[in-house]
Amino acid sequence: MHRYLRAVGFSGIQKREEFEALSKFTSECYQTEETAVTEEGEDFSERRKEFAEQMGLLVRGVYDENDEFQIEYCIPYFSGTTAHYYEDMAIERHAEKESYSGVCDDVNLGVSLIFYLQNVTEYLNKKRYGHMESTSASLILSGLSVEGKILMPVYQKTPVVSEIRSDQERRKMIQAAREGDEDAIENLTLEDMDTYSMISKRIMDEDVFSIVTTHFMPCGVECDHYNIMGEILDVDLRENNYTKEKIYAMTIDTNGIVMDVCINQQDLIGEPMPGRRFRGIIWLQGLVHFEEKW
């Protein structure tokens, strides 16, 4: 049974029998379906049913020799709205089932970003017919959370031109460091040492969340789980039309990455409002649209 079911309003599903019944209901009453042929020659299908705006359940399975749909697994999904363009992206299949993860380098983070791929059939079809450029893609990120807190904002003066230029220079240095520039690596190391020294002095008299205003860090052993903190840009309270549970859908700016996060109202401590901060653990999903080539 999937841990993140409650993020889209199914906190009452506690038993495997209930989950299997919900998966069957979704596969029979689906709203959209997309199919593709796998490398093994199977007819693979994704069936989606939306239970609230932009969120619901996704059932994946295959058609047997009698043309009957056989459920393989069911996951919750949440669709984001903000697209980011990446020139270097790779998609890798998971070992145990027909599911995939995406990997791309993000300059704002300085590390590789790993997410769970939402549109597997689209990827398989474009890969099969050769209608994609594998290294360039538009990516819409979203996160499902089952635990989170609302933090008050930290006062920050309006960034001046010099600070904006400094951020741009840092991004250029990170890119140069990836390409092996030793001077850039040394400069970034010195900057990190200065930052560590500043935090070590301020932490004696201040709370850590008044110093660190945003973060995006890997969490646990699963590669697509992250501990994030960021400024809330927009909030929308939605209702699961099946269970009537309330879900917050928030647009968050974390480390320069704008993404959407959903969380069950029961699992969120505090009241989200634009300007406040969200801190929590998310399962990162991504909707990828590869550049086509003909």
Side-chain angles (χ1 to χ4, degrees), residues 2 4 7-8 23 26-64 67-106 112-144 222-224 249 257-262 282-294:
H2 209 287
Y4 284 85
V8 295
S23 300
T26 302
S27 70
E28 293 175 348
C29 303
Y30 63 92
Q31 293 164 319
T32 62
E33 180 180 28
E34 296 181 7
T35 60
V37 177
T38 66
E39 293 181 356
E40 291 78 20
E42 293 182 312
D43 291 327
F44 181 76
S45 174
E46 290 179 328
R47 294 181 173 183
R48 297 173 189 258
K49 182 169 178 58
E50 192 175 84
F51 289 93
E53 185 181 351
Q54 296 178 286
M55 65 184 76
L57 296 179
L58 169 60
V59 174
R60 288 173 174 158
V62 296
Y63 283 94
D64 61 19
D67 203 29
E68 294 182 356
F69 182 72
Q70 304 295 325
I71 299 174
E72 290 194 344
Y73 62 96
C74 177
I75 62 168
Y77 76 90
F78 174 52
S79 302
T81 56
T82 305
H84 304 268
Y85 183 78
Y86 293 96
E87 294 184 351
D88 210 3
M89 184 178 295
I91 304 294
E92 297 291 340
R93 186 186 187 277
H94 296 155
E96 77 281 9
K97 56 188 175 184
E98 197 70 35
S99 60
Y100 293 77
S101 285
V103 184
C104 58
D105 290 329
D106 193 282
S112 294
L113 190 65
I114 302 175
F115 58 88
Y116 187 91
L117 183 65
Q118 288 184 343
N119 53 329
V120 169
T121 52
E122 181 181 352
Y123 165 71
L124 290 176
N125 281 327
K126 290 191 175 183
K127 181 180 179 182
R128 184 185 184 194
Y129 295 108
H131 293 160
M132 75 176 191
E133 177 59 49
S134 60
T135 59
S136 301
S138 174
L139 171 64
I140 300 176
L141 292 171
S142 57
L144 283 74
E222 295 188 72
C223 56
D224 51 12
I257 299 176
V258 178
M259 59 183 295
D260 296 296
V261 173
C262 72
I282 66 167
W283 176 34
L284 188 64
Q285 297 183 345
L287 188 69
V288 177
H289 296 292
F290 285 96
E291 287 190 343
E292 294 188 354
K293 60 179 181 180
W294 301 90

Evaluation steps, side-chain contact (heavy atoms from CB on, under 4.5 Å), between K127 and E122
CA-CA 9 Å; K127 181 180 179 182; E122 181 181 352; over 6 Å; no

Just by modelled atom types, is the E50 backbone N or O under 3.5 Å from a matching donor or acceptor in the Q31 side chain?
yes

Please evaluate residues D43 and V37 with respect to the criterion side-chain contact (heavy atoms from CB on, under 4.5 Å), reporting the C-alpha separation (whole Å), side-chain torsions for both, the decisive distance (0.1 Å), and the verdict.
CA-CA 5 Å; D43 291 327; V37 177; 3.8 Å; yes

Are T26 and R47 side-chain neighbours, meaning at least one heavy-atom pair lies under 4.5 Å?
no

So, applying side-chain contact (heavy atoms from CB on, under 4.5 Å) with M259, which one of T81, L139, L284, T82 is it?
L284

Side chains of H2 and C74, heavy atoms from C-beta outward: is any pair under 4.5 Å?
no

How close do W283 and P76 get, heavy atom to heavy atom, and via which atoms?
CZ3-O, 3.7 Å

OH-CD1 distance between Y77 and I75, expressed to the nearest 0.5 angstrom
10.0 Å

Should V8 and F51 be marked as a side-chain contact (heavy atoms from CB on, under 4.5 Å) after you check the CA-CA gap, both sets of side-chain angles, and the distance that decides it?
CA-CA 8 Å; V8 295; F51 289 93; over 6 Å; no

Under 3.5 Å, is there a donor-acceptor pair between the side chain of Y63 and the main chain of E42?
no

Validation row: E46, V120 side chains within 4.5 angstrom (heavy atoms):
yes

Criterion side chain to side chain donor-acceptor pair (under 3.5 Å) against S99, the qualifying member of E72, R60, H94, R93:
H94

Pi-cation contact, Y30 with R48 (under 6.0 Å, within 45°):
no

List the atom of L144, the atom of A7, and the distance in Å for their closest heavy-atom pair.
CB-CB, 3.9 Å

The reported gap from CG in L141 to CD1 in I257 (rounded to nearest 0.5 angstrom) is 7.0 Å

Answer yes or no: are there more than 12 heavy-atom neighbours, outside Q70 itself, under 6.0 Å from its atom CD?
yes

Inter-residue atom distance M89.CE - C104.SG, 0.5 Å rounding
4.5 Å

Atom CG of N125 and atom OG1 of T35: how far apart are they, to the nearest 0.5 Å?
6.5 Å

Would you check if L124 and Y100 make a side-chain contact, meaning some heavy-atom pair closer than 4.5 Å?
yes

Indicate whether the side chain of E34 and that of T121 have a donor and an acceptor atom separated by less than 3.5 Å.
yes

How long is the gap from CG on L58 to CZ on F78, to the nearest 0.5 Å?
15.0 Å

Is there a side-chain contact between V288 and F115 (heavy atoms, below 4.5 Å)?
yes

Is there a donor-acceptor contact under 3.5 Å from the side chain of S138 to the main chain of A83?
no

Does any non-hydrogen side-chain atom of F69 lie less than 4.5 Å from one of V59?
yes

Go through it in stages, so that I can follow the logic: the residues are Q118 and S142, the test is side-chain contact (heavy atoms from CB on, under 4.5 Å), and I'd like the CA-CA distance, side-chain angles, deciding distance and then a yes or no.
CA-CA 10 Å; Q118 288 184 343; S142 57; 3.5 Å; yes

Measure the CG-CD1 distance between N119 and I140 for me, rounded to the nearest 0.5 Å.
9.0 Å

Six-ring centre of Y123, K126 cation under 6.0 angstrom, axis tolerance 45°
no

Minimum-distance pair of heavy atoms, taken over all atoms of V258 and H84
O-NE2, 2.7 Å

Check ion pair K49-E33 (N to O, under 4.0 angstrom):
no

Would a 4.5 Å heavy-atom cut-off, applied to side chains only, mark D105 and L113 as touching?
no

